[in-house]
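To start, the structure under review is shown below, and the notes come after it.
The structure displayed is predicted, hence computed values, not measured ones.
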Amino acid sequence: MEKPASYADRPLAGMGLMLLFCALAPLGDGLAKLLGGVVPLVILLLVRFGAQAVLLSPVLSRPAPPLSPRQWRLIALRTGLHMAGIGLMFTALRFLPLADAVAIAFVMPFIMLLLGHFVLGEAVGPHRMVACAFGFLGTLLVMQPSFAEVGWPALLPVGVAVCFALFMLVTRQLAQEVSPLRLQALSGIMASIVLGAALLFWGDALGLRTFWPDRESLLLMGLLGVVGTLAHLAMTWALRLAPSATLAPMQYLEIPIATLLGWLMFRDLPNGIAVLGIAVTVATGLYVICRERRTARAPTPVPPPL
């Protein structure tokens with residue numbers, strides 16, 4: 001079936017939007033790191049998802065088919081995974097340099113590959129399995145200096161990767177059924193309701209009583225919400241304008257951009273072992289993408305005649 005004009009491939013525009021995402025996503029993480037020592041985690045999450053709900057709720061006024069109970073359950077699961085992933089990343093950033101946390105979280109593609117194979121029964125050849133092993137090795141190299149310095153919090157970005165790998169698998173189930181903008185609007189509203197209720201009933205335990213933001217913190221919180229929402233919108237529109245095979249390698253630009261932002265904002269730079277681990281992770285991740293492209297282009301074998 002021919003794509004509608006509004007969905008026609010425009011690879012340069014898609015690549016530009018993906019580059020914007022790669023800049024905005026680590027900037028949002030950097031803002032969360034700045035605020036992490038001042039603002040309670042639940043409030044940071046409420047700001048992040050509340051901005052998403054406010055900015056995207058007009059999308060829900062458009063006519064759309066009603067959602068089935070199954071779709072509502074998947075959206076709720078996706079929202080919970082999204083909240084958990086961002087919450088773990090914001091927590092990790094209180095302990096780890098920005099570049100290290102982002103690089104460790106890039107173990108996600110390898111986790112997705114394994115989940116696709118063992119959970120969904122997708123075919124994964126030996127080359128990609130070996131690449132996964134090297135990807136995990138690269139992640140361990142990135143993690144080692146941070147683990148030696150701060151201990152168990154260095155494992156938090158691995159939890160981020162697991163949450164977002166599951167998040168992507170659930171999103172894959174919904175992608176052909178619910179529009180991305182509607183999906184993000186509903187997730188923002190769901191998360192805001194859950195987080196608002198948590199603050200209403202357990203605000204004191206979650207640090208609300210001792211939280212008195214100054215003007216600078218309020219401005220940074222507002223910026224965090226806008227940047228986080230715009231980042232995911234940029235990725236959504238990028239995937240509409242260009243094939244995912246074109247855009248996937250660009251996501252690794254997040255790591256050098258996060259390294260630059262980490263130095264500009266916090267004067268943090270990865271050490272030699274972490275740099276080696278980042279190089280291994282990026283190289284194996286790009287190799288996996290190339291193998292998936294080649295597999296996708298390979299013709300389906302025709303069975304021999306009987």
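Taking both residues in full, the closest heavy atoms of Ile104 and Met143 are given as CD1-CA, 3.8 Å, listed atom of the first, atom of the second, then distance. Closest of all the heavy-atom pairs between Leu113 and Cys132 is CD2-SG, 3.4 Å. Shortest non-hydrogen contact noted between Gly85 and Val160 is O-CG2, 3.6 Å. Between Ile255 and Val282, the closest heavy-atom pair is CD1-CG2, 3.7 Å. Considering all non-hydrogen atoms of both residues, Leu41 and Gly87 come closest at CD1-O, 3.9 Å. Across all non-hydrogen atoms, the minimal contact from Leu20 to Ala234 is CD2-CB, 4.2 Å.
How far CG of Leu17 is from SG of Cys22: 11.0 Å, rounded to the nearest 0.5 Å. One distance of note links CG of Leu56 with CG of Leu183; it measures 10.5 Å at 0.5 Å rounding. Going from atom CG of Leu31 over to atom CG of Leu261 covers 9.0 Å, rounded to the nearest 0.5 Å. Between Leu12 atom CG and Leu241 atom CG the span is 11.0 Å, to the nearest 0.5 Å. Rounded to the nearest 0.5 angstrom, Ile273 CD1 and Leu140 CG are separated by 12.0 Å. The distance from the CG atom of Leu155 to the CG atom of Leu88 is 11.0 Å, given to the nearest 0.5 Å.
No donor-acceptor distance shorter than 3.5 angstrom exists from the side chain of Lys33 to the backbone of Ala92, with no hydrogens or angles considered. Side-chain atoms of Gln52 come within 3.5 Å of backbone N or O of Gln184 as a donor-acceptor pair. Under a 3.5 Å cut-off, the side chain of Gln173 and the backbone N or O of Val170 do not form any donor-acceptor pair.
Side-chain contact check for Thr281 versus Val107: every heavy-atom pair is 4.5 Å or farther apart. Side-chain atoms of Phe49 and Met190, non-hydrogen and from C-beta on, never get closer than 4.5 Å to each other. Residues Pro97 and Ser146 are in side-chain contact: their nearest non-hydrogen atoms beyond the backbone lie under 4.5 Å apart. Leu269 places a side-chain heavy atom less than 4.5 Å from the side chain of Thr259. Two residues are said to be in side-chain contact when any heavy atoms from C-beta on lie closer than 4.5 Å; Leu35 and Ser217 meet this criterion. You'll find the side chain of Pro153 stays beyond 4.5 Å of the side chain of Thr91, heavy atoms only.
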Could you please spell out the steps behind the side-chain contact (heavy atoms from CB on, under 4.5 Å) verdict for Arg182 and Arg62?
-> CA-CA 9 Å; Arg182 187 183 185 197; Arg62 301 175 184 173; over 6 Å; no

Might you work through the side-chain contact (heavy atoms from CB on, under 4.5 Å) test for Met89 and Leu93, ending with a clear yes or no?
-> CA-CA 6 Å; Met89 177 58 90; Leu93 289 167; 4.1 Å; yes

Give the intermediate values and the outcome of side-chain contact (heavy atoms from CB on, under 4.5 Å) for residues Thr229 and Arg48.
-> CA-CA 7 Å; Thr229 302; Arg48 166 64 184 80; 4.0 Å; yes

Apply the test side-chain contact (heavy atoms from CB on, under 4.5 Å) to residues Leu186 and Trp72: give CA-CA distance (whole Å), side-chain angles for both, the deciding distance (0.1 Å), then the verdict.
-> CA-CA 10 Å; Leu186 290 172; Trp72 279 114; 4.1 Å; yes

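In the hydrophobic clustering of this structure, Leu27 groups with Leu34; members are Ile, Leu, Val, Met, Phe, Trp, Tyr whose side-chain heavy atoms approach within less than 4.5 Å, directly or through other members. Clustering ILVMFWY residues whenever any of their side-chain heavy atoms sit less than 4.5 angstrom apart, transitively, puts Tyr252 in a cluster other than the one holding Val275. Residues Val130 and Phe136 fall into different hydrophobic clusters, defined by Ile, Leu, Val, Met, Phe, Trp and Tyr side chains chained together at heavy-atom separations under 4.5 Å. Hydrophobic cluster membership differs between Leu253 and Leu260, with clusters built from Ile, Leu, Val, Met, Phe, Trp and Tyr side chains linked at under 4.5 angstrom. If you chain together hydrophobic residues whose side chains sit under 4.5 Å apart, Phe110 and Leu141 never meet in one group.
Annotation for Tyr287: hydrophobic cluster partners, listed by chain and number, are none (ILVMFWY side-chain heavy atoms under 4.5 Å, direct or chained). Leu219 belongs to no hydrophobic cluster with other residues, because no ILVMFWY side-chain heavy atom falls under 4.5 Å from its own, directly or through intermediates.
Among residue pairs with one or both ends in residues 19-40, none qualify as ring-ring contact (aromatic ring centres under 6.0 Å, His included); sequence neighbours excluded. For residues 145-174, the set of pairs meeting the ring-ring contact (aromatic ring centres under 6.0 Å, His included) definition, not counting sequence neighbours, comprises His82-Phe164, His82-Phe167, Phe164-Phe167.
Under the rule for a salt bridge (charged side-chain N to carboxylate O under 4.0 Å, His left out), the partners of Glu177 that lie at least two apart in sequence or sit in another chain are Arg70. With sequence neighbours excluded, no residue satisfies ring-ring contact (aromatic ring centres under 6.0 Å, His included) with Phe95.
Summarising the local packing, CZ of Arg267 is surrounded by more than 12 heavy atoms from other residues, nucleotides or ligands at distances under 6.0 Å.
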